[in-house]
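For reference, the structure is listed below as structure tokens.
We use all heavy atoms of the structure for the numbers below, so side chains are in, but hydrogens, waters and symmetry mates are not. In listed order, ligands and their atoms are each counted from 1. Counting from 1, the numbers follow the sequence of the chain as shown.
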Amino acid sequence: FDMFILAFVERLFRPTYRKDDFVLGKKLGEGAFGVVYRVSLAKKPSSKKEGDLVLKKATEYGAVEIWMNERVRRACANSCADFLYGFLETSPKKGAEYWLLWRFEGEVTLSDLMLSKEFPYNVETMITGKVQDSPKGLERENRIIQTIMRQLLFALDGLHSTGIVHRDIKPQNIIFSEGSRTFKIIDLGAAADLRVGINYIPKEFLLDPRYAAPEQYIMSTQTPSAPSAPVATALSPVLWQMNLPDRFDIYSAGLIFLQMAFPALRTDSGLIQFNRQLKRCDYDLDAWRKSVEPRAGLELRRGFELLDLDGGIGWELLTSMVRYKARQRTSAKAALAHPYFDREGLLVLSFMQ
Ligand code: ADP
Ligand code: MG
């Protein structure tokens, strides 16, 4: 009951917004389910010319995305971009649209950073806040990639502990927050909240095939259709144990780890080709390695070399994430305790961590 009062009071004093409050800036993204803009408040022009908020005008799935963001801001705020407010906006022209508002976290996603020739050194500069002058090489690159993976798994652990599966983990949905100098997850439009049964029925058509785990469906097909909310609350911890839906995100995070180690897999075509090869190897990464390593070029060999540092613990972690059977994949919490993370990462100069 206290929690309810707190949530109510918090909601009461949080600023609310209406359509006319915003000045639209640059379009940041456009998908099948919505358009995203950088915006500023009309009454309080931002010090930055481009505005310090992000607005998503979403279709019917916006309702789920608002629900997920409200849950996140109470339970694991640091995992995701800072959500401010969501509301339903109806107009004669456009009908019903959900408007969602976040703080503008920063200019670049992990995708932008990974596609640069400077990767991973560009990330090192952003995290530490200065250009480091130590000699470039595998050890240093591994340390940067390890820090990115730790931040990603930390954010995922927060979501999963809250009962939320993201289902669309990919570099485009990981934003670098300039304020906290850490990576945060965005885009909860395809997420499922298993504790209360929201978006319980898998919408497999929402999933990005490049990063999707082979099971596709989050819950096994034997799972009965969505129970009503109170029943789902009582049952879902059991279902969670049985089906381990969080391992879907772990597979996607494993593919991102792989892309960071192998530059050739960072392009769409490279990743699609890899997915085809892995499928042919029955999703066995060791078999894939055996098939490509003998005829590998310099760049591919360098990726294996990076993952083989410190007795191959990087490769060990990777293979514990990218596995055919969800049940055999590690969890975000267990991954964070993996010896790969024993070695010191980058020092994050922020007040947040
Ligand atoms: P969709 O993928 O459905 O178009 P996203 O929520 O992924 O929508 O947002 C689209 C793009 O907008 C992101 O890839 C990112 O570049 C940018 N973006 C989204 N949220 C933020 C935020 N809080 N801060 C900065 N940029 C953001
Ligand atoms: Mg997105």
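Under a 4.0 Å criterion applied to the non-hydrogen atoms of N173, ligand 1 contributes the atoms 7 (O). Close approach of ligand 1 to G106 is summarised as follows: ligand atoms under 4.0 Å from at least one heavy atom of the residue are 25 (C), 26 (N). Listed by number with element, the atoms of ligand 1 under 4.0 Å from a non-hydrogen atom of A81 are 23 (N). Under a 4.0 Å criterion applied to the non-hydrogen atoms of R103, ligand 1 contributes the atoms 22 (C), 23 (N), 24 (N). The Q172 neighbourhood of ligand 1 comprises atoms 14 (O), with distances under 4.0 Å to a heavy atom of that residue.
The CG atom of L307 sits 7.5 Å away from the CG atom of L258 when rounded to the nearest 0.5 Å.
Contact between R329 and P214 at its shortest, heavy atoms only, is NH2-CD, 3.9 Å. The shortest heavy-atom contact between L317 and A335 is CD1-CB, 4.1 Å.
Annotation: cation-pi geometry satisfied between R289 and W315 (NZ/CZ under 6.0 angstrom from ring centroid, within 45° of ring axis). Cation-pi geometry between R38 and F104 is met: under 6.0 angstrom from the ring centre, within 45 degrees of the axis.
Its N, O or S atom nearest to the Mg ion (ligand 2) is what matters here, and for D187 that atom is OD2.
The protein atom (non-hydrogen) at minimum distance from atom 11 (C) of ligand 1 is L28 O, 3.8 Å. When hydrogens are left out, the protein atom nearest atom 18 (N) of ligand 1 is I186 CD1, 4.0 Å; that is the closest non-hydrogen contact. Protein heavy atom at the shortest distance from atom 2 (O) of ligand 1 is D187 OD2, 2.9 Å. Atom 24 (N) of ligand 1 has E105 N, 2.9 Å as its closest protein atom, hydrogens excluded (heavy atom only). When hydrogens are left out, the protein atom nearest atom 26 (N) of ligand 1 is I175 CD1, 3.4 Å; that is the closest non-hydrogen contact. Distance from atom 9 (O) of ligand 1 to its nearest protein heavy atom, with residue and atom name: V36 CG2, 3.6 Å. V54 CG1, 3.8 Å is the protein heavy atom nearest to atom 20 (N) of ligand 1. Ranking the protein heavy atoms by distance from atom 6 (O) of ligand 1 puts K56 NZ, 3.1 Å first.
With respect to the salt-bridge test (charged N to carboxylate O, under 4.0 angstrom), the residues K56 and D187 qualify.
Results of the side chain to side chain contact (heavy atoms under 4.5 Å, CB included) test with L110 over I174, L152, I175 single out I174 as the only residue that passes. Of the options R302, Q146, M260, a side chain to side chain contact (heavy atoms under 4.5 Å, CB included) to E141 is made by R302 and by none of the others. For the side chain to side chain donor-acceptor pair (under 3.5 Å) with E124, the lone residue among R140, Q132, K130 that qualifies is R140.
Note: F22 and W99 have tilted aromatic rings, judged against thresholds of 30 and 60 degrees for the angle between ring planes.
Not one N or O of T109 is nearer than 3.5 Å to an N or O of ligand 1, by distance alone. Residue contacts with ligand 1: W102 is placed with no nitrogen or oxygen under 3.5 Å of a nitrogen or oxygen of the ligand (distance criterion only). For ligand 1, the polar-atom distance check finds no N/O of E65 at less than 3.5 Å from any of the ligand's N/O atoms.
Not a single N, O or S atom of D168, from either the backbone or the side chain, sits less than 2.8 Å from the Mg ion (ligand 2). The Mg ion (ligand 2) does not have Q172 among its coordinating residues (no N/O/S atom, backbone or side chain, under 2.8 Å).
Y324 OH: 12 or fewer foreign heavy atoms inside a 6.0 Å radius.
Here F257 and Y340 bring their ring centres to under 6.0 angstrom of each other. Between F262 and F304, the ring center distance clears the sub-6.0 Å criterion.
Within the structure, the closest approach of F104 to ligand 1 falls below 4.0 Å when heavy atoms are considered. Not a single heavy atom of G34 lies less than 4.0 angstrom from ligand 1.
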